[in-house]
There are 2 protein chains.
Amino acid sequence: MNSFQIHNPTKLIFGKGCLSSIPSELSAYGTRVLLLYGGGSIIRNGLYYQVIDQLKELNASIVEFGGVEPNPRLTTVYRGIQLIKEYKLDIILAVGGGSVIDCAKAIAAGSLYEGDVWDIVIGKVTPVTALPIGTVLTLAATGSEMNGNSVITNWEKNCKRYFSSIHVYPKFSILDPEWTFSVPRDQTVYGIVDIMSHVFEQYFHAAESAPLQERIGEAILRTVMETAPMLVNDLNNYDYRATMLLNGTHALNGLLAMGERTDWATHEIEQAVSAIYDIPHGGGLAILFPNWMEHVATTKPEKIAQLGVRVFNLAKEGKSDTQLAGETIARLRTFWTSIGAPASLSDYDIDDKEIDLMVESAMAAPTIGSYVPLMADDVRAILRKSL
Amino acid sequence: MNSFQIHNPTKLIFGKGCLSSIPSELSAYGTRVLLLYGGGSIIRNGLYYQVIDQLKELNASIVEFGGVEPNPRLTTVYRGIQLIKEYKLDIILAVGGGSVIDCAKAIAAGSLYEGDVWDIVIGKVTPVTALPIGTVLTLAATGSEMNGNSVITNWEKNCKRYFSSIHVYPKFSILDPEWTFSVPRDQTVYGIVDIMSHVFEQYFHAAESAPLQERIGEAILRTVMETAPMLVNDLNNYDYRATMLLNGTHALNGLLAMGERTDWATHEIEQAVSAIYDIPHGGGLAILFPNWMEHVATTKPEKIAQLGVRVFNLAKEGKSDTQLAGETIARLRTFWTSIGAPASLSDYDIDDKEIDLMVESAMAAPTIGSYVPLMADDVRAILRKSL
């Protein structure tokens, strides 16, 4: 096993009614709050008003900034930083899903950095501090509520990049499953695909020995796959929503990546696609992951075979790893289709017109991925399979 | 799923050579260090000298306190508190296994409390602060390196009690698998039993819905059971030692207990036994747990059956939960015997002479345990089965 450090200082507050923790949690950091949210779903379901009530209890000064888009944009981050500086705010309260929280992290790091926050996003500059962040999560998906990652899109450059920093872990994250009831079925499915994809990106790692990490990944996958079919047909079920929230948080809070060089090639490719076409992240992953697996199975089928045996209950006897990998991929496609995930880029009317641009955009480095490092031609092949 | 909070601020530093992190990690808290350790195994294997070298790099003022016993004693805690106060120390560096770390936690909380630290241990007083603690772990077992729990024995009262506090989580814990190579086979086995028992105490919970937590528990149990037979025959294997360290940490760092009312009856009973006879904690658990399972299986076999199917690969078809539970318990006994764990109290020359005292000591409350709450007569029955 390789060496590693883990340090996850986020306090997770989970359960029915836990919004009431906002005043006591926020007060440790100040009362001048940037209230950041997305496209208005929190106004429609009433969460917005309940958060405002909690902030009033604290006598907080609130500067509101709604309208953070899915795939949050650099221009939005700039506007947030401007508000922080103009109103001398103490803390960001991000109410929403991964996009809102990712945006909050870039604002938090950029507010205390003199230069252009894009330098931080592309890794040119390492943040040494950040404004504190609290979150109220409304969607089981990205895990952003308990990690230090942030993905930001620069539309001018057709470029989606991410950064990680210990300084942007949320100080606290509030997860009340009831506030995820109103997530519609398609968004719920995209979240499920995102969670499973996060496990895959870490399950397919380059470390020789990581048995516990792999077993915990399998535990999350099994729990997701048991819960998902029930959840998509019963969107207001508290226990299913609670379980999916926990799955999402633990799929990307550092637990699965201990001592591993994780893969993430599929995410790089998906980000290249969605930086051009603005499709849902989870939709893109559902299309790309089986094709990534098929491509790498030609050289390294072992781990895909293991996944099939341990998670999809495949019988192992008398089969080669290549056969098992093929069955695993077929089962994964069937599962994702059964819950309503898309299966090819044509579902989003994407053809091969921009394929060169997508390949170029995905290749942030000469190779991407760790389980099997991919060159530009591999990425092109995976995209062609996905059309 | 029930509501809960998790907040685990410990930084885990894991891998070969990671002792070199000591100066930078300690320096955040001060340079006046209480160096706490156990019976001298760290002197025999040379770890002591390497820690001293690291402390010299920091120009630390060191007050040494060796000789912390297994099942650390209140009198030892008193002596540690006295040293902290006398030499005005900033931080405790605990080098050892769970006993040394547990002792450090009681000293840390007691040093900043005016009254008797026993009030904290028995829960009469809740600590509001504590001296910072760093740890260098030498044994995969208790998980104390990444939690806020401490078990202390009061010999005068034949009484072993524990407390938990957010204030005594180690600030950092250093886990280098190489420093666990010298743990002898019997202690290694006790550690393995302790880790599995920690999973059991949380797997057998009273919450209705905790599917992810149970699956992660099963992931740890499977990893322990795959690794243990290889490890006990190859004590200097880095990867096996590394895997077992990670198993131990994650078996009791809050992950498995999210939203659960966990059981812990078997630990209460074991503590009652070892407070009188001073037997190894892991040895006591190996004897008691199968008998606890047999006792509760008469009224609630379901979860034991599930454990057998999911972890011991039992075929389910055509069997009742009671049958499956019986097979599970038999498999567990066989497994523990195969790695050299004891199977009955007579292995430690314990007979029924003090059974009343043990029952009385175990019953801290009118009932103990959550999966099946036990009365004094249940505890007596489990102890009798274990003779």
Side-chain angles (χ1 to χ4, degrees), chain A residues 1-18 21 25 146 166 171-177 207-224 226-227 237-251 253-255 258-259 310, chain B residues 1-18 21 25 146 166 171-177 207-224 226-227 237-251 253-255 258-259 310:
Chain A
M1 198 179 298
N2 300 322
S3 299
F4 66 89
Q5 288 194 13
I6 45 171
H7 185 204
N8 193 325
T10 300
K11 184 196 282 189
L12 210 68
I13 303 167
F14 192 103
K16 216 172 275 198
C18 65
S21 302
E25 294 299 328
M146 203 183 186
I166 184 71
K171 300 297 181 192
F172 62 90
S173 281
I174 288 179
L175 280 64
D176 181 340
E208 281 178 24
S209 168
L212 178 64
Q213 299 89 317
E214 291 175 12
R215 287 280 185 201
I216 297 178
E218 293 157 6
I220 297 175
L221 288 171
R222 276 192 168 270
T223 310
V224 172
E226 277 162 10
T227 310
N237 183 295
Y238 184 89
D239 278 330
Y240 302 157
R241 289 288 193 185
T243 298
M244 206 54 83
L245 272 176
L246 269 197
N247 285 328
T249 301
H250 287 88
N253 69 353
L255 184 61
M258 294 183 293
R310 294 191 185 171
Chain B
M1 198 180 299
N2 299 325
S3 300
F4 66 90
Q5 288 194 13
I6 45 170
H7 185 203
N8 193 324
T10 300
K11 183 196 281 189
L12 209 69
I13 302 168
F14 192 101
K16 215 172 275 199
C18 65
S21 302
E25 294 300 328
M146 203 182 187
I166 184 68
K171 300 295 181 192
F172 62 90
S173 280
I174 288 178
L175 280 64
D176 180 341
E208 281 180 22
S209 169
L212 178 64
Q213 298 88 316
E214 290 174 13
R215 287 279 185 199
I216 297 178
E218 292 157 7
I220 297 175
L221 289 171
R222 276 192 169 268
T223 310
V224 172
E226 277 162 10
T227 309
N237 183 297
Y238 184 88
D239 278 330
Y240 302 156
R241 288 288 194 184
T243 299
M244 206 54 83
L245 271 176
L246 269 196
N247 286 330
T249 301
H250 287 86
N253 69 354
L255 185 61
M258 295 184 292
R310 294 191 184 172

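The sequence lines fix the lettering, A, B, ..., with proteins before strands; numbering per chain opens at 1. Quick caveat, the model's predicted, so the values are computed rather than measured.
- For the residue pair N2(A) and F4(A), the shortest heavy atom distance occurs at O-CD2, 3.6 Å.
- A distance-only check finds a donor-acceptor pair linking the side chain of R222(A) to the backbone of R310(A) [under 3.5 Å].
- The parts of N247(A) that come within reach of chain B are both its backbone and its side chain, each placing non-hydrogen atoms under 4.5 angstrom from that chain.
- T243(A) touches chain B through backbone and side chain together, each having a heavy atom under 4.5 Å away.
- Neither the backbone nor the side chain of F172(A) has a heavy atom closer than 4.5 Å to any heavy atom of chain B.
- Each of L175(A), V224(A), D239(A) has some count of heavy-atom pairs under 4.5 Å with chain B, and the biggest count is that of D239(A).
- When heavy atoms are compared at a cutoff of 4.5 Å, Q213(A) approaches chain B solely by way of its side chain, counted from C-beta outward.
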Could you go through the side chain to side chain contact (heavy atoms under 4.5 Å, CB included) check for F14(B) and L246(B) one step at a time? CA-CA 9 Å; F14(B) 192 101; L246(B) 269 196; 3.9 Å; yes
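- Under a 3.5 Å cut-off, the side chain of N8(B) and the backbone N or O of G254(B) do not form any donor-acceptor pair.
- Looking at E226(A), only its side chain comes within 4.5 Å of chain B, counting heavy atoms on both sides.
- If you measure heavy-atom distances from P9(A) to chain B, the contacts under 4.5 Å come from the backbone alone.
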Applying side chain to side chain contact (heavy atoms under 4.5 Å, CB included) to K16(B) and Y238(B), what does each step give before you reach the verdict? CA-CA 9 Å; K16(B) 215 172 275 199; Y238(B) 184 88; 3.5 Å; yes
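- Rounding to the nearest 0.5 angstrom, the gap separating the NZ atom in K11(A) from the CD1 atom in I6(B) is 12.0 Å.
- Of the listed residues P177(B), P211(B), S21(B), G17(B), the one with more heavy-atom pairs under 4.5 angstrom with chain A than any other is P211(B).
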Check against side chain to side chain contact (heavy atoms under 4.5 Å, CB included), H250(A) and L255(B): CA-CA 9 Å; H250(A) 287 88; L255(B) 185 61; 3.5 Å; yes
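- The greatest number of non-hydrogen atom pairs below 4.5 Å with chain A, out of G15(B), G217(B), G259(B), S3(B), is found for S3(B).
- Interface remark: of the candidates A219(A), C18(A), A210(A), A219(A) forms the most heavy-atom pairs closer than 4.5 Å to chain B.
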